[in-house]
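Below is one structure; the comments refer to it alone.
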Amino acid sequence: MALRVYNTLTGEKELFVPLTPGKVGMYVCGVTVYDYCHIGHARAGVVFDIIFRYLNYAGYDVTYVRNYTDIDDKIINRANQEGTDYRTVADRYIQAFDEDMARLGLARPTVEPKATDHIGGIIAIIEALIAKGHAYVSEGDVYYAVETFPDYLKLSGRNLEDMQAGARVEVGDKKRHPMDFALWKGSKPGEPWWQSPWGEGRPGWHIECSAMSMEFLGKTFDIHGGGKDLVFPHHENEIAQSEAANGCQFVRYWLHNGFVNINAEKMSKSLGNFFTIREVLQQYDPETLRFFILSAHYRSPIDFSDQNLEEAQSGLERMYACLAALDDLLNREPLAVDSALPGGLSPVALELQERLSQFRHRFVEAMDDDFNAAQALGILFETVRIVNRFLAEAGDVTPFSRSLLAQARDLFTETGGVLGLFTTAPALWLERIKAGKACRIDMSPEEIEGLIAERVEARRAKNFKRGDEIRDLLLAKGIQLLDSSQGTTWNVK
RNA sequence: GGCGCGUUAUCCAAGAGGCUAGGAGCCGGUCUGCAAAACCGUUAACGUCGGUUCGAAUCCGACACGCGCCUCCA
C-alpha cells in the first residue's frame with residue numbers, strides 16, 4: 001500500500017506522489033495573530049502535526065512551513081482599541097500561539113515565517129501580476145483582476161456568476177469587478193506602512209502566503225493545508241496570485257480539515273460559541289484534547305462537548321493504564337528459566353504474538369488511507385485488550401513473555417510518536433489526571449485519610465455497617481475508595 | 001438562490017460491494033465481607049423509498065432531515 005490523500009482540488013483520494021522523490025514540501029496556513037487561539041485552531045494544528053509526523057515516519061524528508069500573518073486589519077483594529085501598535089499585539093499573540101501549540105505537543109515546523117519579514121517578496125509578486133495584466137493600481141491600492149484568471153474558483157468548484165447571485169459583495173468604486181480583491185492597501189494616517197512602488201501601504205490578506213510559500217518551497221510544491229473555511233476565498237486567491245505570477249501549477253495536493261462544532265454548529269467568533277485553547281486546557285489534559293481530535297477523521301466535523309472530552313479521557317486512560325502495567329512488569333526481573341517453548345505457548349500468547357506481528361502493517365495501512373488516525377486508534381485499542389488479557393493470564397515473567405511485552409511497548413512508543421501520544425511516563429500521566437480531578441472536591445486529603453483510617457478499623461472489627469457508611473459518605477462527595485490487598489487508596493470520580 | 005458534505009446500534013466513531021473496526025455505556029464474569037475500581041467476556045447498526053447485482057451500510061436515483069461555503073474565519 002502507498003499513501004493516498006484526499007485532494008480538495010479533484011474531490012478524490014489520490015495516490016500521493018511527491019514532486020521530488022523522497023521529499024515533501026508542505027505549507028499550512030497558520031493564524032492571523034490578533035487574539036488567543038480557539039479549539040478550531042487546535043484541531044488544524046494537531047491535524048497537520050500528525051500529517052507532518054506521519055510523512056516523516058513514512059521516510060520523507062519534509063519541509064514544513066507554517067506562517068504567522070502578523071499584519072492585517074484585525075490586528076490594526078485591536079491595536080487601536082488598546083491604544084498600542086500592531087507590533088505589540090502581533091508579538092503578544094505569536095507568543096500565545098507558540099505556548100498553546102507547545103502544550104498540545106505540536107512538533108515545530110521547519111520554518112515559521114512572518115508576513116512582515118517578506119514584504120519584498122510580496123511586492124515582487126504584485127509587480128509581476130501588474131506586468132502581466134492580472135492586477136491594477138487604483139487610488140493607492142492594488143487589486144487582483146479575477147476575470148483575467150480563467151481558472152479562478154477551480155478549488156471551490158464554483159463560477160463567478162453563481163458567486164454574485166446571492167453575494168453580499170460591496171461594489172467599491174475602486175474595483176473593476178466586485179470579486180476583485182486587494183493585493184496591496186494604501187495606508188491611512190496612523191496605520192503601519194511599508195514603502196512600495198504604489199506609495200506607502202501594506203499587503204492585503206492572501207498575498208503573504210503566496211510569497212512565503214514560494215520563498216521556502218518554490219513555485220510548485222506538494223501539499224498545502226488549512227481549515228475548510230479557507231478554501232474560499234483565501235486558498236482560491238492564493239492560487240490565482242501564484243499561478244498567474246509564475247505561470248505554473250501552485251500546489252499539487254490541497255488538504256483541508258473539518259470544523260469543530262458546538263451542538264452541531266460551527267464554532268466561530270461571530271456566533272460567539274468558541275472556547276480558547278487555554279480555557280479548555282484548564283479543565284482537560286492536553287493529550288486528552290489531542291486524543292479527542294484524533295478520534296474522528298480529520299475531514300469530518302467534530303462535536304466539542306464535555307461528554308466527548310470525558311470519553312476521550314476514559315479512552316486515553318485505558319491506554320495509559322495498559323502502558324503503566326507494561327512498564328511495571330518490564331521493570332521486574334524475569335525468571336531465569338525459559339519454560340515457554342514456542343510450541344507450548346498459550347492461546348493468548350499466540351494471539352498476542354500474531355497481533356504484534358501485524359501491528360505495524362495495520363497502522364501504516366490506516367494512516368496511508370488519508371491519515372485515518374481514528375482507525376489507527378482502533379488498532380491500538382485492540383492491542384491494549386490483548387495485552388491486558390495476556391497480562392491477566394501471565395503468572396511469572398519468562399524471558400520469552402518479557403520480549404513479547406517489550407515488543408508491544410516499543411510499538412506503542414513508535415506509533416504514539418506519530419500520533420503525538422504517550423509523551424509522558426504512564427504512571428506520571430495517570431497520577432496527573434488524578435491530581436487534576438482532586439482539585440474539584442471540597443475535602444482535604446487529611447480528612448479523607450482520617451475517614452479511611454476509621455473505616456479500616458471498623459472493617460477490621462467486622463463493623464461493615466460503619467465501614468460502608470464512610471464509603472457512601474465519601475462517594476457522595478465524589479471520592480471513590482479503591483480497596484486492594486495492599487490497602488485502601490482513593491481517587492476522585 | 002448557487003455549490004458541496006453528512007445521516008452507522010443508547011452515545012461517540014471507523015469502514016465503502018461478500019471478511020469481528022474501536023471506545024464509552026448496559027448486561028454477565030473474575031476480584032471483594034458486600035461493593036467500587038481494574039481486567040475479561042458479551043450485546044446491538046447502517047435515514048426513507050426505489051433501482052443495479054448472485055449478494056448493498058457500501059454503487060445509482062428520488063425524498064426527508066441536519067450541516068457547511070458563497071462576508072472575517074482553522
(request) Decide yes or no, distance alone: a donor-acceptor N/O pair under 3.5 angstrom between the base of B:G66 and the side-chain of A:Asn261. (result) no
(request) Just compare B:C69, B:A74, B:A36 and give me whichever is closest to any side-chain atom of A:Asp483. (result) B:A36
(message) When you measure from the side-chain N and O atoms of A:Lys266 to the phosphate of B:C69, is any distance below 4.0 Å, counting only OP1 and OP2?
(response) yes
(request) Quick one: look up who B:A64 pairs with, Watson-Crick or G-U, both distances under 3.5 Å, and put none if it's unpaired. (result) B:U7
(message) So that I know where these two stand, are A:Phe422 and A:Tyr320 an aromatic pair - ring centroids less than 6.0 Å apart?
(response) yes
(request) Determine, for A:Arg4 against A:Asp368, whether the closest basic-nitrogen to carboxylate-oxygen distance falls under 4.0 angstrom. (result) no
(request) Ignoring hydrogens and angles, answer whether the base of B:G4 and the side-chain atoms of A:Arg158 contain a donor-acceptor pair closer than 3.5 Å. (result) no
(request) Please state whether the phosphate of B:A14, meaning OP1 or OP2, lies under 4.0 angstrom from any side-chain nitrogen or oxygen of A:Ser300. (result) yes
(request) Report, as a single string ordered 5' to 3', how protein heavy atoms within less than 4.0 Å touch nucleotides 15-23 of chain B: B base, S sugar-phosphate only, - not at all. (result) S-----BSB
(message) Suppose the criterion is salt bridge (charged side-chain N to carboxylate O under 4.0 Å, His left out): which pairs have a residue in residues 304-314 of chain A, not counting sequence neighbours?
(response) none
(message) Can you tell me if A:Asn257 touches the phosphate of B:A74, counting only side-chain N or O atoms and a distance under 4.0 Å to OP1 or OP2?
(response) no
(request) Please answer whether the main-chain N or O of A:Leu255 pairs with a side-chain N or O of A:Thr8 as donor and acceptor at a distance below 3.5 Å. (result) no
(message) Closer than 4.0 angstrom, basic N to acidic O: yes or no for A:Lys154 and A:Asp151?
(response) yes
(message) Once salt bridge (charged side-chain N to carboxylate O under 4.0 Å, His left out) is applied, what residue pairs with a partner in residues 283-299 of chain A remain, sequence neighbours excluded?
(response) A:Asp49-A:Arg290, A:Asp285-A:Arg432, A:Arg299-A:Asp370
(message) I'd like to know if A:Arg471 reaches the base of B:A36 with its side chain, counting only an N/O donor and acceptor under 3.5 Å.
(response) no
(request) Send over the distance from A:Leu475 CG to B:C34 C1', rounded to a whole Å. (result) 14 Å
